[in-house]
Amino acid sequence: MNRTKIPVAVVAGPTASGKTALAVELAKRHHGEVVSADSMQIYAEMKIGTARPDESEMQGVPHHLLGFLSPSERFSVADYVELAGKCIEEIHSRGKLPIIAGGTGLYVRSLLRGIQFCEMPENPALRKQLEEESERDPVALWEKLRQVDEEAARNIHPNNRKRVIRALEVYLLTGEPFSQQSKEAAQGESPYRWAMLCLGFHQREVLYERINRRVDMMMEQGLVEEAKAFLEKHPGTTAIQAIGYKELAPYFRGEIPLEEAVENIKRETRRYAKRQLTWLRREEGARWLYVDEPGGLERLTQESEAVLQEAQIL
């Protein structure tokens, strides 16, 4: 890789795998600052439900792109690439190491590989119509997408209403499949030399147990109160589709008991982690580190340092 490019370390992995702890440890040892790559932690008022790191977890390490956006505002991958790029430049200019940490694979891939996004049309009236359809029957709307763009439907989960709506909006405005237009996004020259560390598990049940414990902790921290206030203040926003909020909505309406809502949060989070792992396994050059091997954070840190030194990031 070109030595004139900005060196960037990347810590990726599924939810609850320990990305923040590893990124913070690397930052403390190598004068780094962390740039989040999480599509939900960008929103304000969603601290508990998105597992946004708190001050004790950050341990004094500066973190960027956390909780800065109103849930009512739209935010695209292109927006992320632009803002994260500015953060990286500023961190590098201060003589610090930029460390990208997060589990939104599309954000990470687009940032590192210099993806240039073409402008896709928007129509607020059409989007509102699609949102209303999705409120009534999200699976039926996904099926409508599958009929006109099978590839997009295959890659978008029916519960990801935001992306289903966007894919249909683009198709209905242009007559061209969203999947095809997404492929036409040009891959430019990356301004970074980077190494991607991916946290994995030999035993999937270990990850699932970590997820279950995290959800229990969120409940203790006040997720119910946070979600209730959020849903009342921001009805109809795309951010309410975040896991932990949409599963509690039926409880607030008196349709299911709280225990069932909590189990639904755990189940959907496990499914999300599985999709994250599937995405990350497609990343060329990713170096996998296994959380469920002996040695804990110290061993993970040492293995990470060896990878980063080999890639001339450190």
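What you see is a predicted model; the values in this text were computed from it and never measured.
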Test item: [X] side-chain N/O and [Y] main-chain N/O as donor-acceptor pair under 3.5 Å:
X: W142; Y: A153; answer: yes
X: E169; Y: N123; answer: yes
X: E226; Y: K47; answer: yes
X: S17; Y: P14; answer: yes
X: E57; Y: D54; answer: yes
X: D292; Y: Q203; answer: yes

Determine, for [X] against [Y], whether the closest basic-nitrogen to carboxylate-oxygen distance falls under 4.0 angstrom.
X: K5; Y: E189; result: yes
X: E305; Y: R299; result: no
X: E247; Y: R267; result: no

Within the 3.5 Å criterion, strictly below it, is a donor on [X] or [Y] matched to an acceptor on the partner's side chain?
X: H63; Y: E33; result: no
X: R113; Y: S190; result: no
X: R163; Y: N160; result: no
X: D38; Y: S36; result: no
X: E45; Y: H234; result: yes

Determine the interplanar angle of the F75 and Y80 rings, folded into 0 to 90°, and report it as parallel if under 30°, tilted if 30 to 60°, perpendicular if over 60°.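 Ring orientation of F75 relative to Y80: perpendicular.
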Specify whether Y245 and F230 have parallel, tilted or perpendicular ring planes, treating 30° as the upper limit for parallel and 60° as the lower limit for perpendicular.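 Rings of Y245 and F230: tilted, as their planes differ by 30° to 60°.
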Considering only heavy atoms from C-beta outward, does the side chain of [X] approach that of [Y] to under 4.5 Å?
X: V215; Y: R270; answer: no
X: R287; Y: S304; answer: no
X: L111; Y: Y192; answer: yes

Which other residues belong to the hydrophobic cluster containing V139, where Ile, Leu, Val, Met, Phe, Trp and Tyr are joined when side-chain heavy atoms lie under 4.5 Å apart, directly or via other members?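 Result for V139 is none, singleton.
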Of all the heavy-atom pairs spanning R204 and L277, show the shortest one and how long it is.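 Result for this residue pair: NE-CD1, 3.7 Å.
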For residues Q221 and I48, report the shortest heavy-atom separation together with the two atoms involved.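 Reported closest heavy-atom pair: O-CD1, 3.3 Å.
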State whether W279 and R109 meet the cation-pi test: NZ (Lys) or CZ (Arg) under 6.0 Å from the six-membered ring centroid, and within 45° of the perpendicular axis.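 Yes; both conditions hold, so R109 lies above the ring face of W279.
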